[in-house]
Amino acid sequence: MEKHFDPNTIETKWYQTWENQGYFKPQKPDADPYSIMIPPPNVTGSLHMGHAFQDTIMDTLIRYNRMKGNDTLWQPGTDHAGIATQMVVERQLAAQGLTRHDLGRDKFIEKIWEWKEESGGTITKQLRRMGASPDWSRERFTMDDGLSSAVKEVFVKLHEEGLIYRGKRLVNWDPILHTAVSDLEVISEEEQGNLWHMRYPLTDGSGHLVVATTRPETMLGDQAVAVHPDDERYQHLIGKTITLPLVGREIPIIADDYVDLEFGTGCVKITPAHDFNDYDMGKRHNLPMLNIFTIDAAINDEAPEKYQGLDRYEARKQIIADLEELSLMEDIKPHTLMVPRGDRSHAVIEPFLTDQWYVAVEELAKPAIDAVKNGDIEFVPKNWENTYFEWMNNIQDWCISRQIWWGHRIPAWYDKDGNVYVGRDEAEVRDKNNLGADIELSQDNDVLDTWFSSALWTFSTLGWPQKTPELEKFHPTSVLVTGFDIIFFWVARMIMMGLKFTGEVPFKQIYVHGLVRDSEGQKMSKSKGNVLDPIDLIDGIELEDLVKKRTYGMMQPEKAAKIEKSTRKQFADGIPAFGTDAIRFTFASLASTGRDIRFDLNRAEGYRNFCNKLWNATRYVLMNTEGFDTGVDESLEVELSLADRWITSRLQEVESEVEKHFAAYRFDLAATALYEFTWNEYCDWYLELAKPILNKDSSDAAKRGTRKTLVRVLETLLRLLHPIIPFITEEAWQAVAPLAGKSGNTIMLEAYPQADESKIDTAAIAELEWVKQFIVGVRKIRSEMDIAPSKALEVLLAGLNENDQAWLKNNRVYLQTLAKLENITVLEDETNAPESAVALVGEMKVLIPMAGLIDKDAELARLAKEMTKLQGEIKRLSGKLNNAGFVAKAPEEVVANERKKLSDYETALNNLEGQHEKIQQL
RNA sequence: GGGUGAUUAGCUCAGUUGGGAGAGCAUCGCCCUUACAAGGCGAGGGUCACUGGUUCGAGCCCAGUAUCACCCA
């Protein structure tokens, strides 16, 4: 292995090998299946931090299960992302001064396909850089032929059952995109506006009433004024009419208990065609639905001529001015209101009356609710189930038609009389309905909501409606890994469609992860200028390039200066290259359940250092084992040292810990357990303990034992780490595996380590604990007393029990090397010991003679500090034990444990007090 | 207005049958000891948001309050 750890070279090398060798494909036809469907990213999109996080989790699960011997499929693919993709291409046309209408439907769609070919590979390339291991040979796109026929099949069947219908309803209309959007695609945000109080004169001339509205322009479509039936102020007006100002229409005053007595004046103007609540009220009272807007949200010719053609906000100004002129504007009060905007266009959404296609979801929702209730599908963490139920219980019919061009065109045809025929294609429609060639048919111009095709993703990618072997084997999938933001868009709809069309749940578990935020907890967004590109973290980026990237092509260019400034401040030296493994480890260790994660570069740096540590530890092991006998020949005698037995024991414990954490989707805890074992135990202690055995004249069997353990524990550790950090572990494993008697081609397909309880040697763990205490005790004195690390020390021991004597005999070499000791002498009689600093190992005293090394006052201070600590503990424990309630009610085990601790502390304090006194007398 | 989650060391976060407050980073001291200075060895640092309750015992359970975030209306 290279002396220097350079992630880039090993990453590209290994990824190509893996993919070329076909390692990502399902390998074990006879084994149990494990499958995950990737949430398909936008085909023309690029990888953001959320993807990188999610993909790390999925790839870790996939690699883990593949190594565990399952027949493992990670299904990749991309989504056509109707509106989003169409918008990108429309923007490109706009730059040339063109609209999609200038091109026409076919030409425009052709342009989008061109754009898809051009930019479609970006995100899959980036996925590869992340080390993701999906079966690329099975890559799918939501507009592939196979998936498109699944879409038609589902549409036709639902229509046959009456679960898809066409209707004129009030929808969320995006006046910029000229399409309906679903409730979920509308984001309501608080904005400052006004509450206009307008006078509506009574037709009989007996006065006026005052209505309050946030949208004065909609008055052109008013069909009534409503008051609360119990409102005493207006009882006498119910049943009368008013004459609508500026329009002259006579409209009734009605009573409806929807009206809020407290809001505004208690009188509400009713515009059934332009407000969802008014729409319902209009239906209750049989009011006419008068649409006053064009598809651009300008005033149409239903309104008085004066206002026709005005944009809604122009019309508002004019209407306010006109009312003021007529003295009909009573009051204008500032008011905070919720403004609905389209999540793509950011345009203010207009409730608008149009013909649309709907899915009747109530019947589909019931089994979908049951599947979660009865445990067929399990959310991780569980609390998301509440959110799911809340939404599913209040679910509204799903508007699935979109007035755009990019997507699955609705398989419905119309004849000249407006009759609708649904079928898989025109031929089928003609055939089924006996429509001769002379009858002209035209296909519906609308396309389906993108989420309609992604709702079928788990089974359409496996070949449904055909009964393919893949569908048979890999459906239902094992787990869905997703963010909470698309539980309703996608997850719920997949469950409904999956149950309906395959008769089984689409996945058994749903792992819901949090959002990736910046280190301040802010959402990452282009407009905030705090976006990090995962690829930049892997490869590094110069400050100037980062600034350019963050300020280029902004929607609000005025923010650029501020963003540049904060970027220069936060990343004065740019971003260093951390490598894929470090970024993956960072994501894994931040992936605790149930909360968003703040991405902190400092953590990434820490885990890059971890990779470096692993690299160097491997190099050290190789230096000491390559070309030596590592015990591959099992017939040769092997002697295992205390350290060998200890690290092997600890390895088993870590293995079962990691297994437990993976089963619970606690990637953070798994990562931490592996980090700590690798660094704090294997590197800091075991490698150091192995040195004296390899360097001093121990027996061949002992050296063989230690080399064998060195290599085998490392080889196992690499396999344990592989699902999280695939590249460095593969590179290291290639060199280490043969020395451990392994002959596979790739770590990817090796077995995941499993704990062997019989290898846990508790005696070795206890003995090594003693060794560590001894060494740490000496190191502390050395450090606190400012003794040079290079100075070898003389130590004296007193108060040894049998264990101490035996363990000292076994472990002199460890103690001398790791604590840098010149000599260890056991005192028969402590009374003639020279003045010394003392460390306690249980009841044994480790004495370091002070002469010429240690200052008397310093040692007294050190002892006093230790004593204070002990006194505090003793006070706390004896207080507890003197509490009759505690002794009587706490479990015996707990009480015994506390007694033991108290007595240990008392002995220790006693020893230190004696020592303190002795030194003081000098 | 309804719901969910959060509040633990300077920062980012762990801490599930309630029983001695932890990690990484940052800080301080010593050390270039031939795997690693992206390192080694040590050290300091917290009324676990607040108030009350349950309990022999609460970071953990219950009730309430505050602040923040998100979802829904």
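Every chain is numbered from 1, with letters handed out A, B, ... down the list of sequences. Bear in mind that the values here come from a model prediction, so they are computed numbers and not experimental data.
Across all strands, A:E385 comes closer than 4.0 Å to no nucleic acid atom at all (heavy-atom distances). Residue A:V776 is in sugar-phosphate contact alone, with no base atom involved, counting any heavy-atom pair closer than 4.0 Å across all strands shown. Using a 4.0 Å heavy-atom criterion, one finds that A:H4 contacts the bases of the nucleic acid, with or without backbone contacts as well. Base engagement by A:C683 is indicated by at least one non-hydrogen atom pair under 4.0 Å involving a base atom. Nucleic acid contact class of A:A888 (heavy atoms, under 4.0 Å, all strands): none.
The side chain of A:E784 lies closest to B:rG42 when the candidates are B:rG19, B:rC70, B:rG42. The A:V894 side chain lies nearest to B:rG19 when the options are B:rA14, B:rG19, B:rC36. Distance from the side chain of A:P789 is smallest to B:rC30 among B:rC56, B:rC30, B:rA35. Distance from the side chain of A:R598 is smallest to B:rC13 among B:rC13, B:rG29, B:rG40. Listed nucleotides: B:rG19, B:rC70, B:rC56. Nearest to the side chain of A:P891: B:rG19. Nearest nucleotide to the side chain of A:A890, out of B:rG40, B:rG42, B:rG19: B:rG19. In this structure, the nucleotide among B:rG29, B:rA35, B:rA43 sitting nearest to the side chain of A:K691 is B:rA35. Distances from the side chain of A:N612 to the nucleotides B:rG42, B:rA38, B:rG44 place B:rA38 closest. Closest to the side chain of A:K780, out of B:rA43, B:rG15, B:rG40, is B:rA43. The side chain of A:R779 lies closest to B:rG42, out of B:rU12, B:rC36, B:rG42.
Using a 4.0 Å cut-off, no side-chain N or O of A:K820 falls inside it from OP1 or OP2 of B:rU33. At the phosphate of B:rG19, neither OP1 nor OP2 sits under 4.0 Å from any side-chain N or O atom of A:K889.
Aromatic ring centres of A:F587 and A:F667: separated by at least 6.0 Å. Taking the ring centroids of A:F379 and A:W384, they lie at or beyond the 6.0 Å cut-off.
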Open item on the list: I need a per-nucleotide contact map over nucleotides 21-27 of chain B, read 5' to 3'. Cutoff is protein heavy atoms under 4.0 Å; write B for the base, S for backbone only, - otherwise.
Closed with: --SSS--
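Comparing A:V887 and A:K3, the nucleotide of RNA chain B nearest to each residue sits closer to the 5' end for A:K3. Mapped onto RNA chain B by nearest heavy atom, A:G885 and A:T618 fall at different nucleotides, with A:T618 at the one closer to the 5' end.
Taking the C1' atoms as reference points, B:rG46 lies 5 Å from B:rA9, given to the whole Å. B:rA69 sits 44 Å from B:rC30 when the P atoms are compared, rounded to a whole Å. For the C1' atoms, the distance linking B:rA43 with B:rU47 amounts to 24 Å, nearest Å.
For the side chain to side chain contact (heavy atoms under 4.5 Å, CB included) test with A:I775, the passing option among A:R779, A:Q773, A:K772 is A:R779; the others fail.
A:E626 CD: more than 12 foreign heavy atoms inside a 6.0 Å radius.
Using a 30° and 60° split on the angle between ring planes, A:H513 and A:Y511 fall in the tilted class, from 30° to 60°. Classified by interplanar angle (parallel below 30°, tilted 30° to 60°, perpendicular above 60°), the ring pair A:F5/A:W615 is tilted.
Between A:D904 and A:T907, the side chains place no donor N or O within less than 3.5 Å of an acceptor N or O (distance only, hydrogens not considered).
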For residues 787-795 of chain A, tabulate all N or O donor-acceptor pairs below 3.5 Å that involve a side-chain atom, not counting sequence neighbours.
none

